[in-house]
Amino acid sequence: MDGLLPDLEIVRKDFPILERTVADGRPLVYLDSANTSQKPQCVVDAMVDHLEHHNANVARAMHTLGAEATEAFEHSRDVVAGFLHARSRDEVVFTKNASEALNLVANTLAWADAPLGVGAGDRVVITEMEHHSNIVPWQLLTQRKGAELRWFGLTDDGHLDLSRIDELITPNTKVVALTWVSNMLGTVNPVAEIARRAHEVGALVVVDASQAAPQLPIDVQAIDADFLAFTGHKTVGPTGIGVLWGRLELLEQLPPFLGGGEMIETVTMETSTYAHPPHKFEAGTPPIVEAVGLGAALTYLSEIGLDAIHAHEQAITRYLLDGLAGVEGVTVLGPAEVAERGGAVSFEVAGVHPHDVAQLLDSRGVAVRAGHHCAKPAHRRFGVQSSTRASSYLYTTPEEIEAFIEALQYTKSYFKV
Amino acid sequence: MDGLLPDLEIVRKDFPILERTVADGRPLVYLDSANTSQKPQCVVDAMVDHLEHHNANVARAMHTLGAEATEAFEHSRDVVAGFLHARSRDEVVFTKNASEALNLVANTLAWADAPLGVGAGDRVVITEMEHHSNIVPWQLLTQRKGAELRWFGLTDDGHLDLSRIDELITPNTKVVALTWVSNMLGTVNPVAEIARRAHEVGALVVVDASQAAPQLPIDVQAIDADFLAFTGHKTVGPTGIGVLWGRLELLEQLPPFLGGGEMIETVTMETSTYAHPPHKFEAGTPPIVEAVGLGAALTYLSEIGLDAIHAHEQAITRYLLDGLAGVEGVTVLGPAEVAERGGAVSFEVAGVHPHDVAQLLDSRGVAVRAGHHCAKPAHRRFGVQSSTRASSYLYTTPEEIEAFIEALQYTKSYFKV
Amino acid sequence: MTQQADLDAMYQEIILDHYKNPQHKGLREPYEAEVHHVNPTCGDEVTLRVHLSADGTVVEDVSYDAEGCSISQAAASVMTELVIGRSVADALKLHETFLELMQGKGTVEPDEDVLEDGVAFAGVAKFPARVKCALLSWMAWKDATARITSQGATPKETS
Amino acid sequence: MTQQADLDAMYQEIILDHYKNPQHKGLREPYEAEVHHVNPTCGDEVTLRVHLSADGTVVEDVSYDAEGCSISQAAASVMTELVIGRSVADALKLHETFLELMQGKGTVEPDEDVLEDGVAFAGVAKFPARVKCALLSWMAWKDATARITSQGATPKETS
Ligand SMILES: Cc1ncc(COP(=O)(O)O)c(C=O)c1O
Ligand SMILES: Cc1ncc(COP(=O)(O)O)c(C=O)c1O
């Protein structure tokens, strides 16, 4: 099969969990990577080494362990900056996940003074395919500040409906927040083009790269975003860490988010002054061992190469879509063309509820997600309440796709549809 | 020595990092546990086992790995609820650290409606010995909402000055936020007594238990707090996780903090409804492997016994205070009586700056903290800009205290004071 | 037991029958309370109406509109069969018994004389992620009933 | 090198001398800019004033009040010795040279003809946590100087 990672079997050996068996001894077929990815040994080892040999608090500790921990932590910031092609390492803020990163932007825009602050009469534009984590923060912001929330609708084939972009992105638009790759439909959005239009009216562009970071090369300068968020656990890193990248001059201007240790310059009982970005937005002890893990994870992905990973995802996704096309009663939601999509494929099976599909697949060792995938509005748009989603990653093999399709046929026979 | 953990040598073997050497082969003497604690093997192993065998996203995944991960994650919530003697597991919210937990309360009180919300004319009371993480959130809240910030001063021997409590805690006081144990002075505060006074005027009581949780048995019902925060990395758990405990009826009434996946009930593009606590406050993928580590950590501490750990801390701290008393030119900040304090001891050395003290101690393998320990106001209160802090924990031995005192003598001779 | 056997124990014929032919489905009048419950994780939803006797002691009718998996749909169907026509007190006791069965992780032996078709859900108890599905409509029923008895609500009819 | 040797290389006699007898310390007039810099981690602080010649090309005076460790105190003292009386352009070049030395992790060989007593800080470069200490007053000086040259500020005297 063209496009597969050349050393796929070696890559798989890097992921200890793939040797697990489930469901009466069947090998695990993990097709839930858009939900969370599995971790290579090098990430686990980096975390263990840190905990067993270098653990200390960072920035504030001047002893040997403190210096080692600080160096490891800040090294990961460099790795992230490189991964995103950021202008400066100071543009990289560590958060607990992508959701916090997006909320950080929405919250500081609630408290910011003009011209950044969002207030009555201002507009925030999102899209109907956003993950709840890129919807609810903007609902809270606009509701609390008396601003207006609008959104791009979707075309029947799962793309953003850009036909009314001029009505949507207006001079009073302060923020355009959108996902780069949809976690439900798989759609890859034209973020650079939308950023260009948003900047014409002076709006800030917030890109949710939670699904893009694992599978596409990212260059924040090339897409000309103002803020970009992603999450560690989907890029073969640990939970407990996410990243907000922001243009430095914006991070400088925004008010603080959480207050506390490490984000200050000086504190009196009456008032405080704040450190410069990124520390200004990192109150309290940061996710240290998680940053170490994330640094190892992004280094691992970069060594394999994001282009190679993307090609692999495309090949596997094409195979998956072809396989699904051969199963009667299956309807795929989202773009039919693999070139326009990422590696998450949501579908319906006529007559069997997604829960039951997932349950039956699980009994065959195949792990998929069933439900609304934190994208209720996108499901509603396509007239469904929930769906089943199979999502591959760099460790997914064609044989696993075959096992999945076979299990799907079995599911249909089990439920006699 | 009375009070030491009976199996101290065995306990030490649980902590792999204690076998490390630093500074030209000297054994590590880690006296920076109030900054962050070291991790026992069982915590590292629990995390590794999770990452290598059970890693999946929680709540939303219905496959085998998802069920295992969810069970492990929610089991840790039970462990925390037990550790705190909470009425219900639903009162336990996982955050990224103690700082986020405290900010969560301050932020939701900014957006809450009456009667919970804090607005113009309301008062928030804190203390002069707070960590910055329990000062800055309240400064931001009161500044943003036009409320008033007041604080308990400190007596010369490092206690809260309660003499003017009636002037401080007034009918317009909405929140009293204070630390249970000071991270700088070591002082143990009468939280139950202050909670009683605060409740007489209807104020909410927020307890920062970041330094209490590692070394005192905690019973949120006995002290009658409304909210209590602590942080995983100081209780032999990993970074990236903290806990906010809150009374269920309060958590029910507060508006959401961060918006996103998992904290919703239903989402439309226009508006959303929210899940019940604790999920309402846990937007996005939670710190899963971190919760697993924290569960193992608190189980470990509980098995040794918080009473035994407290006794150990008292014995070691007494020995440390005695040792310091024998070094000329050393002034200890905070209570002289060990019964009134926790295991963090800050001090000055006449003629040598804390930075230089820490540097010299480090060259002897002794890790202490130097600086303002995120408690600038408390330092200012005692007329110092910074101090050196030695803080022990359940793995600290009397011999380590001796090594520390010896290194301190060496420091003085090095700087010829 | 193998997981395959567990699976077959969950997807009993009775459950699949109720799934394909749900009883008492559709929203009816009169009713004194209507509630809408959601399983936030998967999105399963139920809108459910309860009609009690004038003195509030007997479950006269339970009607519902639900979207969800086989387990949640079958549970709604079986639940209505069990509670309609029963005294509120008995129905609440039935709910308790069903709850115990569901939370027993497969260790509770169900009594067919009491739970009737409800015994078919015994197998669900081994799948923690699915217990919520089986309980969704029961919770909705209990909630609606509590609203009526606490508020002394009078029957509603659309005008 | 052993860490002990590294330590001795950092705490040179010259540094300890400057620490105990800081040069040019105390706030003086006239000055065109005063800045206050803090090391957020440890709390070390410096208040620093710069007085340039009327045409803004020569560093006439630098005065300061500082609280901090031996390294930060000695650095302030050495810095003033180096820049006072020099052209702004030369002083900025010196700052660059010192910065390179500090960020070189111990690999940069300092030139005593250029840095004078500043060479004593070569040993600090091996202690990343202390580099900030050595740079605090230099950063403050650069900041204050930039404020004057960018704003064309005129001398201030307290009335
Ligand atoms: C008393 C106290 N409160 C709050 C904190 C903040 O904890 P964290 O940095 O984990 O948020 C700390 C520790 O740094 C502390 O000692
Ligand atoms: C597109 C998208 N945005 C945001 C998120 C939120 O990420 P996290 O749950 O790590 O905050 C996810 C994943 O859950 C996602 O797929």
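Letters go in sequence order (proteins before strands), and every chain restarts at 1.
Residue contact with chain A, scored on non-hydrogen atoms closer than 4.5 Å, involves the backbone and the side chain of C/Leu7 alike. When heavy atoms are compared at a cutoff of 4.5 Å, C/Glu45 approaches chain A by way of both its backbone and its side chain.
The local environment of NZ in C/Lys20 is crowded, with over 12 non-hydrogen atoms from other residues, nucleotides or ligands closer than 6.0 Å. The 12-atom threshold is exceeded at CD of A/Glu399, counting heavy atoms of other residues, nucleotides or ligands nearer than 6.0 Å. Counting heavy atoms of neighbouring residues, nucleotides and ligands inside a 6.0 Å radius, atom CD of A/Gln409 exceeds 12 of them. Atom NZ of A/Lys412 is surrounded by more than 12 heavy atoms from other residues, nucleotides or ligands within 6.0 Å.
In this structure, A/Gln385 contributes its side chain and C/Glu67 its backbone to a donor-acceptor pair below 3.5 Å.
Top candidate by heavy-atom pairs under 4.5 Å with chain C, chosen from A/Pro354, A/Gly25, A/Gly351, A/Ala23, is A/Ala23.
With contacts defined as side-chain heavy-atom distances shorter than 4.5 Å, the pair A/Asp356/C/Arg130 qualifies.
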Output, in order, the C-alpha distance, side-chain angles, deciding distance and verdict of side-chain contact (heavy atoms from CB on, under 4.5 Å) for A/His355 and C/Ile71. CA-CA 9 Å; A/His355 257 189; C/Ile71 304 297; over 6 Å; no
Stepwise side-chain contact (heavy atoms from CB on, under 4.5 Å) check, C/Met10 with A/Gln359: CA-CA 10 Å; C/Met10 171 158 74; A/Gln359 190 82 58; 3.5 Å; yes
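Contact record, C/Asp44 with A/His353: OD1-NE2, 3.3 Å, taken as the closest heavy-atom pair. The two residues C/Gln4 and A/Ser363 make their nearest non-hydrogen contact at OE1-OG, 4.3 Å.
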